[in-house]
Amino acid sequence: MTRKAGDDVRTPHHVAIIMDGNGRWAAGRGLPRIKGHKAGTAVIEEIIDTAVKMGIKHLSLYAFSTENWRRPEPEVSVIMSLLRFYLRLHISRFCNKGVRFHFLCDLEAMPESIQRDVIEVETATAKESEMVFHLAVNYGSRAELVKAVQSCIKDGLKPEAIDESTISSRLWTAGVPDVDLLIRTSGELRISNFLLWQCAYAEFYFADCHWPDFNQNRFRDALEAFASRDRRFGGI
Ligand code: FPP
């Protein structure tokens, strides 16, 4: 589902966030990088709560990319442990907030222990309807697009039978509206292989602070900036 010029554009349906700067946040305090990831994980709840309050229907957070496996093993291991701890702790909290959890990635490529936790959280929250929280882990947009094309070929689709909706419906975001607002923290001005297809008409907002310092006020600043944008979707 894509928005058009003239729609109510003040509140984004779908906000995506690249949570960047955990390492630098920690280094600036003389702490090991993993402390930055812990502090970054703690911020997520405040952002989810604010998103629900603001009537946002889809929130996608980029927690770990396909390229992040290249990091030192101890750091990867801490992020995976944080993820498991986070999922277990939040099952009931998601339900209390009306949040449905969706894991954005090829789940089969993840360690079995994480697969079990994810399935448990997705199943427990399946009926919640205030907002969907998409967590991208081991996510890469190009890999997602390659898989979509492969699935068209496997299904024997003829070239003329393939249009934009054929591809959209074969992405891990099938059925999810396109991203309206993409936020990246830490002052970096890159999209880093996150939701490339889905961000075709997204507004971009770059926050100067590192992710652990992002909070509801900074999130509201981003939403205010979004509300003032003039979106034309290629029209005039
Ligand atoms: C980017 O900062 C952050 C990551 C690659 C990991 C983000 C992970 C979390 C917030 C915690 C895990 C998430 C959950 C839900 C448990 P960076 O390390 O690239 O920072 P730097 O650019 O300053 O080095």
Side-chain angles (χ1 to χ4, degrees), residues 15-52 58-94 97 99-105 107 110-111 113-122 124-125 131-141 143 172 182-195 205-216 218-219 222:
V15 176
I17 308 183
I18 301 176
M19 307 183 284
D20 194 15
N22 292 348
R24 277 164 285 167
W25 180 90
R29 286 161 178 74
L31 299 169
R33 294 176 60 81
I34 57 169
K35 293 278 185 194
H37 296 314
K38 281 189 183 158
T41 305
V43 168
I44 294 174
E45 187 155 13
E46 183 173 333
I47 300 309
I48 290 179
D49 289 346
T50 309
V52 171
H58 295 268
L59 177 69
S60 298
L61 299 189
Y62 202 8
F64 197 82
S65 73
T66 41
E67 291 72 33
N68 287 151
W69 293 108
R70 294 186 203 134
R71 293 185 176 210
E73 198 282 325
E75 181 174 344
V76 170
S77 170
V78 164
I79 294 178
M80 291 302 143
S81 307
L82 276 172
L83 175 63
R84 293 201 66 200
F85 179 74
Y86 178 86
L87 292 175
R88 291 216 197 102
L89 184 71
H90 283 76
I91 292 187
S92 57
R93 293 194 193 169
F94 287 145
K97 298 174 206 283
V99 171
R100 176 153 75 86
F101 178 83
H102 174 230
F103 199 63
L104 193 53
C105 106
L107 188 56
M110 294 300 288
S113 53
I114 292 189
Q115 289 189 28
R116 279 195 299 275
D117 290 344
V118 167
I119 290 168
E120 197 181 333
V121 185
E122 285 190 339
T125 62
M131 185 182 83
V132 188
F133 169 39
H134 308 269
L135 187 63
V137 179
N138 188 27
Y139 176 84
S141 196
W172 294 315
L182 175 81
I183 300 172
R184 181 175 187 141
T185 57
S186 91
E188 305 289 354
L189 311 180
R190 292 189 286 273
I191 191 164
S192 299
N193 203 16
F194 190 41
L195 300 171
Y205 181 91
F206 299 101
D208 280 338
C209 65
H210 296 313
W211 173 251
D213 288 329
F214 198 68
N215 56 25
Q216 65 158 300
R218 290 186 157 128
F219 190 22

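Here, residue 1 is the first one in the sequence, and each next residue gets the next number. Remember, it's 1-based here, ligands and their atoms both numbered in the order they're listed.
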**OP:** Would you mind telling me which of Glu120, Glu122, His134 makes a side-chain contact (heavy atoms from CB on, under 4.5 Å) with Phe101?
**Re:** Glu122

Subject >> Pocket residues of ligand 1, ordered first by chain and then by residue number (heavy-atom cut-off under 4.0 Å) >> reply: Met19, Asp20, Gly21, Asn22, Gly23, Arg24, Arg33, His37, Gly40, Thr41, Ile44, Ala63, Asn68, Arg71, Leu82, Leu83, Tyr86, Leu135

**OP:** Rounded to the nearest 0.5 Å, what's the gap from CZ on Phe133 to CD1 on Ile44? Could you check?
**Re:** 5.5 Å

Original post:
Considering all heavy atoms of both residues, which atom of Thr125 and which atom of Val99 are nearest to each other, and what is their separation?
Top reply: CB-O, 3.5 Å

**OP:** Go through Phe214 and Met19 one step at a time and tell me if the side chain to side chain contact (heavy atoms under 4.5 Å, CB included) criterion holds.
**Re:** CA-CA 9 Å; Phe214 198 68; Met19 307 183 284; over 6 Å; no

**OP:** For the residue pair Arg184 and Ser192, confirm or rule out a side-chain donor-acceptor distance under 3.5 Å.
**Re:** yes

**OP:** Taking only Lys NZ, Arg NE, NH1 and NH2, and the carboxylate oxygens of Asp or Glu, determine whether Lys97 and Glu45 approach each other closer than 4.0 Å.
**Re:** yes

